[in-house]
*Asks:* 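Have a look at this one before I ask anything.
From a predicted model like this one, the values you see are computed outputs, not experimental measurements.
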Amino acid sequence: GLTVEGHVEAVAGLVQGGGGLTAQVGGLGVVSASAAASRTGDHAGALAAVVFDSRFAGFYLSATSMRATDGYRDLAAVTSRPSFYRNWKMEGDEPSRAIDQVTVSAPLRLALLMRGGDVPVASASYSAQTPAAGPRRRVWSGSLRHTLADRVTAYVTGYVSRGERRDAGAFFGISVPLGSSGSVTAGVQAQGGDTFGFVEASRAETQADGSYGWRARIEQGARQGGE
């Protein structure tokens, strides 16, 4: 099938319009494409984006690419306060000039990990973002999640980022259900030179009358700078 949409808005000195379409590409997946143009004061620009999603035999692929010209503005850019990056003044939250993202996930059919619970799922992703001011930032990440018997979930995640500064981190945790809408998670986290363990308990709010949510967390470990 084919779905087409369009929009026009004028607010806070901004005139913006655009449209997009979504189409099924045989059995390969779904492709969405969109474009927009804007004018505010002395600035005029355009944005274009393409998204592809595919699922097959448990495998999942998602890819996104967006490009915007220097003059493109959106509602957030004209309603937020100006900010500064070094000697560069940005007129509010200017949209990123470029975004590229790819995510792949698949079941990991290892006999050792399939003796109980669901099939483990491994995923990997890459993202790159070019802001209106400042250096381009790239992030590589990967994760492995396994739901065992009794809804107990174990996960490990790691990432590496490159941009104005380099960063890396890793997380490991085990989550146990707490009633019908709560959970308790214990794990170890290493990020930005800090390494610490944590225990976190939470309950999600539901739509039932009188429902409430809460969250409690305890951390202990070594932080950079001796905190």
*Asks:* With a 4.5 Å cut-off on side-chain heavy-atom distances among I, L, V, M, F, W and Y, is there a chain of contacts connecting Val102 to Val31?
*Replies:* yes
*Asks:* Is a side-chain donor or acceptor of Ser38 paired with a backbone partner of Arg73 at a separation under 3.5 angstrom?
*Replies:* yes
*Asks:* For the atom pair CD (Glu200) and CD (Glu219), what is the distance rounded to the nearest 0.5 Å?
*Replies:* 9.0 Å
*Asks:* Cluster question for you: counting only ILVMFWY and a side-chain heavy-atom cut-off of under 4.5 Å, with indirect links fine, are Val184 and Tyr155 together?
*Replies:* no
*Asks:* Heavy atoms, side chains only, cut-off 4.5 Å: are Phe56 and Leu28 in contact?
*Replies:* no
*Asks:* Does Leu148 belong to the same Ile/Leu/Val/Met/Phe/Trp/Tyr cluster as Ile174, with side-chain heavy atoms less than 4.5 Å apart forming each link?
*Replies:* yes
*Asks:* Looking at every heavy atom in both Gly45 and Thr69, which two are closest together, and how far apart are they?
*Replies:* CA-OG1, 3.1 Å
*Asks:* When rounded to the nearest 0.5 angstrom, what is the spacing between OG1 in Thr64 and CG in Asp53?
*Replies:* 7.0 Å
*Asks:* Can you confirm whether Arg165 is buried at CZ, in the sense that more than 12 heavy atoms of other residues, nucleotides or ligands lie under 6.0 Å from that atom?
*Replies:* no
*Asks:* What closest approach, in Å, do Ser105 and Ser123 show between heavy atoms, and which atom pair accounts for it?
*Replies:* CB-CB, 3.6 Å
*Asks:* Nearest heavy-atom pair of Ser96 and Gln129: which atoms, and what distance?
*Replies:* OG-NE2, 2.6 Å
*Asks:* Does Ser161 reach the side chain of Arg137, with side-chain heavy atoms less than 4.5 Å apart?
*Replies:* yes
*Asks:* Can you name the closest pair of heavy atoms from Gly163 and Pro135 and give their distance?
*Replies:* C-CG, 4.3 Å
*Asks:* Using a cut-off of 6.0 Å, state whether more than 12 heavy atoms not belonging to Arg39 lie near its atom CZ.
*Replies:* no
*Asks:* With a 4.5 Å heavy-atom cut-off, do Phe59 and Val104 have their side chains touching?
*Replies:* no
*Asks:* Using 0.5 Å steps for rounding, measure from the OG atom of Ser127 to the CG atom of Asp100.
*Replies:* 9.5 Å
*Asks:* If you count the non-hydrogen atoms of other residues, nucleotides and ligands that lie under 6.0 Å from CD in Gln220, is the total more than 12?
*Replies:* no
*Asks:* Would you please test Thr3 and Thr22 for side-chain hydrogen bond (donor to acceptor under 3.5 Å, both in side chains) and show each step?
*Replies:* CA-CA 5 Å; Thr3 302; Thr22 301; 5.7 Å; no
*Asks:* Measuring from atom CZ of Arg151 to atom OG of Ser183, what distance do you get when rounded to the nearest 0.5 angstrom?
*Replies:* 9.5 Å
*Asks:* Flag yes if Val152 and Phe172 sit in one hydrophobic cluster, no otherwise; membership is Ile, Leu, Val, Met, Phe, Trp, Tyr, and two members link when side-chain heavy atoms are under 4.5 Å apart.
*Replies:* yes
*Asks:* Does any non-hydrogen side-chain atom of Leu47 lie less than 4.5 Å from one of Met66?
*Replies:* yes
*Asks:* Would Thr153 and Ser175 count as a side-chain hydrogen bond (donor to acceptor under 3.5 Å, both in side chains) if you check the C-alpha gap in whole Å, the side-chain angles of each, and the deciding distance to 0.1 Å?
*Replies:* CA-CA 5 Å; Thr153 300; Ser175 181; 5.7 Å; no
*Asks:* Would you say that Arg203 contacts Ser211 through its side chain, given a criterion of any heavy-atom pair below 4.5 Å between the two side chains?
*Replies:* yes
*Asks:* Please evaluate residues Asp167 and Tyr159 with respect to the criterion side-chain hydrogen bond (donor to acceptor under 3.5 Å, both in side chains), reporting the C-alpha separation (whole Å), side-chain torsions for both, the decisive distance (0.1 Å), and the verdict.
*Replies:* CA-CA 8 Å; Asp167 191 17; Tyr159 77 91; 2.9 Å; yes
*Asks:* In Å, rounded to the nearest 0.5 Å, how long is the span from OG1 of Thr103 to OH of Tyr126?
*Replies:* 12.5 Å
*Asks:* With a 4.5 Å heavy-atom cut-off, do Tyr72 and Arg67 have their side chains touching?
*Replies:* no
*Asks:* Out of curiosity, His43 NE2 to Asp70 CG, how far, rounded to the nearest 0.5 Å?
*Replies:* 10.0 Å
*Asks:* Check whether Ile218 and Val188 end up in the same hydrophobic cluster, where Ile, Leu, Val, Met, Phe, Trp and Tyr are linked by side-chain heavy atoms less than 4.5 Å apart.
*Replies:* no
